[in-house]
Amino acid sequence: MNNNAVIQIENISKIYQMGKVKVPALAGIDLSIEKNTYTAIMGPSGSGKSTLLHILGCLDTPTEGVYYLDHEKVSDLSYNKLAEIRNNKIGFVFQVFNLLPNMNVLENVELPLMYAGVHKKERKQRASEVLKSVGLDHRLKHKPQELSGGERQRTAIARALANNPSIILADEPTGNLDSTSGGSIMKIFSDLHEQGHTIIVVTHDNNIAKMTQRVIKLSDGKVVNS
């Protein structure tokens with residue numbers, strides 16, 4: 001085992017059951033990612049990128065294989081334990097933002113803090129601070145539908161940072177943004193990496209991949225270049 005690895009997976013496979021048909025998504029992947037690194041995962045549609053990201057983020061479990069997160073074996077933990085690890089260690093940023101439309105910006109960012117049992121006064125303060133760090137302190141009371149695409153994604157990043165996770169996982173974070181907004185989002189990720197976060201981003205964009213330290217390429221559920 002790599003003692004410097006924050007993430008280490010061994011022989012990870014994922015097979016989905018579609019009725020009577022078994023559909024392999026990942027096929028025996030071995031991979032380690034060290035702390036405070038910036039990694040891109042690339043590959044054609046259907047190569048297993050999002051499946052791998054979901055397993056790394058403890059949103060899904062492998063069919064076979066072992067996953068160590070911070071040297072803790074997490075591949076066979078219960079759903080509740082995985083949820084606890086997600087909330088404490090991992091921040092997620094998705095292409096579609098996943099903001100709740102009936103909540104304002106501040107309330108959306110407070111959500112993970114609420115799930116973590118943080119007192120109301122403290123979570124408002126922490127949510128306000130992290131929104132200020134992404135340049136949205138003037139938008140606290142706005143609803144998601146009142147924001148631009150770039151502002152929605154910055155809100156999603158702030159929500160991902162609310163519990164100060166060591167790992168940020170992003171799935172096509174600029175996929176719904178124009179080039180200017182996308183560039184500003186990637187600048188935030190670069191800054192977060194410089195601050196010590198481990199960043200893993202799934203992307204189709206070679207320009208984004210060039211901003212990272214390492215590119216892992218998948219094809220047919222296997223690593224073909226890392």
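Around atom CG of N98, more than 12 heavy atoms belonging to other residues, nucleotides or ligands sit under 6.0 Å away. More than 12 heavy atoms of other residues, nucleotides or ligands shown are found within 6.0 angstrom of NE2 on H138.
Between L69 and I90 there is a side-chain heavy-atom pair separated by less than 4.5 Å. Side-chain contact check for L100 versus L111: some heavy-atom pair is nearer than 4.5 Å. The shortest distance between side-chain heavy atoms of I85 and E72 falls below 4.5 Å. A 4.5 Å side-chain heavy-atom check between E84 and N80 finds every atom pair outside the cut-off. Between V223 and L218 the shortest side-chain heavy-atom distance falls below 4.5 Å. H197 is not listed as a side-chain neighbour of F189, based on a closest heavy-atom distance of 4.5 Å or more. A heavy-atom distance below 4.5 Å is found between the side chains of P144 and N108. L140 has its side chain within reach of S128: a pair of non-hydrogen atoms, C-beta onward, lies under 4.5 Å apart.
Across all non-hydrogen atoms, the minimal contact from P173 to M186 is CG-SD, 4.4 Å. A pairwise comparison of heavy atoms in I168 and A160 identifies CD1-O, 4.4 Å as the closest pair. Annotation for K143 and N102: closest pair CE-O, 3.5 Å, computed over non-hydrogen atoms. Minimum interatomic distance between S190 and M211 (heavy atoms only, all atoms of both residues): OG-CE, 3.5 Å. The minimum heavy-atom distance linking G182 with L177 is given by the pair N-CB, 4.0 Å. Considering every non-hydrogen atom in both V93 and A156, the closest pair reads CG2-O, 4.4 Å.
Applying the ring-ring contact (aromatic ring centres under 6.0 Å, His included) test to pairs two or more places apart or on separate chains, those with a residue in residues 13-65 are Y38-H193. The stretch residues 198-226 participates, sequence neighbours left out, in no ring-ring contact (aromatic ring centres under 6.0 Å, His included) pair at all. Applying the salt bridge (charged side-chain N to carboxylate O under 4.0 Å, His left out) test to pairs two or more places apart or on separate chains, those with a residue in residues 186-202 are K187-D191.
Results of the side-chain contact (heavy atoms from CB on, under 4.5 Å) test with I9 over I29, I33, V66 single out I29 as the only residue that passes. Under the side-chain hydrogen bond (donor to acceptor under 3.5 Å, both in side chains) rule, E122 has a single partner from R126, K124, H119, which is R126.
The backbone N or O of F94 sits less than 3.5 Å from a side-chain atom of Q153, completing a donor-acceptor pair. The main-chain N or O of P165 is never found under 3.5 Å from a side-chain atom of N163 such that the two would form a donor-acceptor pair. A distance-only check finds a donor-acceptor pair linking the side chain of D30 to the backbone of N11 [under 3.5 Å]. A donor-acceptor distance shorter than 3.5 angstrom exists from the side chain of S148 to the backbone of E151, with no hydrogens or angles considered. Checking side-chain atoms of K49 against main-chain N and O of G43 turns up a donor-acceptor pair under 3.5 Å. Side chain of R152 to backbone of F97: no donor-acceptor contact under 3.5 angstrom is found. Counting only distance, with no hydrogens or angles, the side chain of T63 and the backbone of I15 share a donor-acceptor pair below 3.5 Å. Judged by distance alone, the side chain of R214 and the main-chain N or O of T39 form no donor-acceptor pair under 3.5 Å. At least one donor-acceptor pair under 3.5 Å links the side chain of T198 to the backbone N or O of N36. At distances below 3.5 Å, at least one donor-acceptor pair connects side-chain atoms of Q17 with backbone N or O atoms of G19.
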>> Let's go through D205 and E172 carefully: what are the C-alpha distance in whole Å and the side-chain angles of both, what is the deciding distance for side-chain contact (heavy atoms from CB on, under 4.5 Å) to 0.1 Å, and is it a yes or a no?
In response: CA-CA 9 Å; D205 191 330; E172 299 285 1; over 6 Å; no
>> L56 vs L52, test: side-chain contact (heavy atoms from CB on, under 4.5 Å). Steps then yes/no.
In response: CA-CA 6 Å; L56 296 181; L52 177 59; 4.1 Å; yes
>> Run the side-chain contact (heavy atoms from CB on, under 4.5 Å) test on L136 and H142 for me, step by step, so that the C-alpha distance in whole Å, both residues' side-chain angles and the decisive distance to 0.1 Å come before the verdict.
In response: CA-CA 10 Å; L136 284 179; H142 288 72; over 6 Å; no
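Between D171 and Q95, the side chains place no donor N or O within less than 3.5 Å of an acceptor N or O (distance only, hydrogens not considered).
In the hydrophobic clustering of ILVMFWY residues, with side-chain heavy atoms under 4.5 Å counting as a link, L106 and L99 come out together. I199 and L169 sit in two unconnected hydrophobic clusters of ILVMFWY residues. Membership requires side-chain heavy atoms under 4.5 Å apart, directly or through other members. Tracing side-chain contacts under 4.5 Å through hydrophobic residues (I, L, V, M, F, W, Y), one never reaches V201 starting from L31; they form parts of separate clusters. V215 and L53 fall into different hydrophobic clusters, where Ile, Leu, Val, Met, Phe, Trp and Tyr are joined by side-chain heavy atoms under 4.5 Å apart, directly or via other members. By the rule that hydrophobic residues join a cluster once side-chain heavy atoms approach within less than 4.5 Å of another member, I208 and I41 end up as members of separate clusters.
Taking a cutoff of 4.0 Å between a charged side-chain nitrogen and a carboxylate oxygen, K132 and E129 do not qualify as a salt bridge.
Remark: R86 qualifies as a cation-pi partner of Y79 under the 6.0 Å distance and 45° angle criteria applied to the six-membered ring.
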